[in-house]
2 protein chains.
Amino acid sequence: MNNQQFDLSNWQSHGYSCPVEATLDIIGGKWKSVILYHLIDGEIRFNELKRLVPGITQRMLTLQLRELERDGIIHREVYKQVPPKVEYSLTSFGETLIPIIKSMLHWGIEHTEKIVQHREQAEVKD
Amino acid sequence: MNNQQFDLSNWQSHGYSCPVEATLDIIGGKWKSVILYHLIDGEIRFNELKRLVPGITQRMLTLQLRELERDGIIHREVYKQVPPKVEYSLTSFGETLIPIIKSMLHWGIEHTEKIVQHREQAEVKD
DNA sequence: CAGTATCCGTAATGATACTG
DNA sequence: CAGTATCATTACGGATACTG
């Protein structure tokens, strides 16, 4: 089986050993893909996002958003009003990541059940 | 824009807030996607893998491989001989992850350059 | 509301040495 | 060759309190 339909010989490494590593550098954070997933449907406010991702702390949410912003993946729109309102959205560059997020979504939908069962069996053997 | 073409109301959470989180739990490790990427083309021996992923230490490689094996993603074939030979390969379940890995690969190939440039600019502003 | 600022624990990762 | 074992370090992430 040869699934490698690309010639990687010209791929400039920039310190990465392969393109997958580079991608991981952008969306590799523990929460980044989840954040991006929620942003697919449109802009979201900070506290909305916090509700959508129950496991994350306020601090981590801020940090991950800042990194995504720095990398040009998301846009941060601040509305000058009291109380403040900040909306996050995907940039057009960020939208190029949607196929990745979608494939992760699809996989999760189809295989989570199996994974959970598998892990429970593994625990018994421990 | 409504990209959510799936009804998630029936998706059993199993402790995850969304399917993406579940997927991340499987391939979220710093090196797992890279390892899986190399396994797409067929089985690979331990030391080959170490060469293909220069950044990883022997210890981390072992740990990540063990986790992938535990989750049923890869198969570990031990040849009883001296010197020992161990080959890793994707299970059929592991192969269901290929679309995700491929989309990460494609994205990396197309956008790494841009990311690197973007980061260099960001550094100047610091 | 949307954050910062501190402090702190632990899990993740690394370095090095050793082995069936 | 394909790992373990041990120790050290760091980075990740959490809890809590405070603020424009």
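Note on naming: letters A, B, ... go to the chains in the order of the sequence lines (proteins, then strands), and numbering restarts at 1 for each one.
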**OP:** Mind telling me whether B:Y88 and B:F46 have parallel, tilted or perpendicular rings, with 30° and 60° as the class edges?
**Re:** tilted

**OP:** Quick one: do B:Q64 and B:V34 satisfy side-chain contact (heavy atoms from CB on, under 4.5 Å)? Show the steps, please.
**Re:** CA-CA 11 Å; B:Q64 303 273 294; B:V34 177; over 6 Å; no

**OP:** Of all the heavy-atom pairs spanning B:S17 and A:L52, show the shortest one and how long it is.
**Re:** OG-O, 4.0 Å

**OP:** Show your working on side-chain contact (heavy atoms from CB on, under 4.5 Å) between A:R119 and B:R70 and close with a plain yes or no.
**Re:** CA-CA 8 Å; A:R119 290 222 172 145; B:R70 182 203 59 192; 3.4 Å; yes

Subject >> Whole-Å distance separating the CG atom of B:N47 from the P atom of D:dA2 >> reply: 5 Å

Subject >> Nearest-Å distance for atom pair CD/P, residues B:Q58 and C:dT13 >> reply: 17 Å

Original post:
Base, sugar-phosphate alone, or nothing: which one does A:Y79 contact when heavy atoms must sit under 4.0 Å apart?
Top reply: nothing

**OP:** Please state how far atom CZ in A:F46 lies from atom P in C:dC1, giving the value in whole angstrom units.
**Re:** 11 Å

Original post:
For C:dC1, does either OP1 or OP2 sit under 4.0 Å from a side-chain N or O belonging to A:Y88?
Top reply: no

**OP:** Go ahead and name the base partner of D:dA15; Watson-Crick or wobble counts if both distances stay under 3.5 Å, otherwise write none.
**Re:** C:dT6

Original post:
What is the distance, rounded to the nearest whole Å, between atom CG of B:L63 and atom C1' of C:dA11?
Top reply: 12 Å

**OP:** Whole angstrom is fine here: how far is it from CD in B:Q64 over to P in D:dT4?
**Re:** 14 Å

**OP:** Measure from the side chain of A:T62, starting at C-beta and using heavy atoms only, and say which of C:dA2, C:dG3, D:dA2 lies closest.
**Re:** C:dG3

Original post:
A:I56 or A:P84: which one's nearest nucleotide on DNA chain D is closer to the 5' end?
Top reply: A:I56

Original post:
Tell me: NZ of A:K50 to C1' of C:dA2, nearest whole Å?
Top reply: 9 Å

**OP:** Write down the atom of A:L24, the atom of B:G29, and the distance for their closest heavy-atom approach.
**Re:** CD2-O, 4.5 Å

Subject >> Watson-Crick or G-U wobble mate for D:dC1, both contacts under 3.5 Å >> reply: C:dG20

Original post:
What is the nucleic acid contact for B:K30, judged by heavy atoms within less than 4.0 Å: base, sugar-phosphate only, or nothing?
Top reply: sugar-phosphate

Original post:
Rounded to the Å, how far apart are A:E67 CD and D:dA11 C1'?
Top reply: 12 Å

**OP:** Would you indicate, yes or no, if D:dA2 has its OP1 or OP2 atom less than 4.0 angstrom from a side-chain nitrogen or oxygen of B:R66?
**Re:** no

Subject >> Phosphate OP1/OP2 of C:dA12: any B:R59 side-chain N/O under 4.0 Å >> reply: no

Subject >> Minimum-distance nucleotide (side-chain atoms of A:T57 versus D:dG14, D:dG3, C:dG14) >> reply: D:dG14

Subject >> Nearest-neighbour nucleotide for the B:V86 side chain, D:dA2, D:dG13, C:dG3 considered >> reply: D:dA2

Subject >> Residue-phosphate contact under 4.0 Å: B:R51 side-chain N/O, D:dA2 OP1/OP2 >> reply: no

**OP:** Report the distance from atom CD of A:Q81 to atom P of C:dA2, rounded to the nearest whole Å.
**Re:** 9 Å

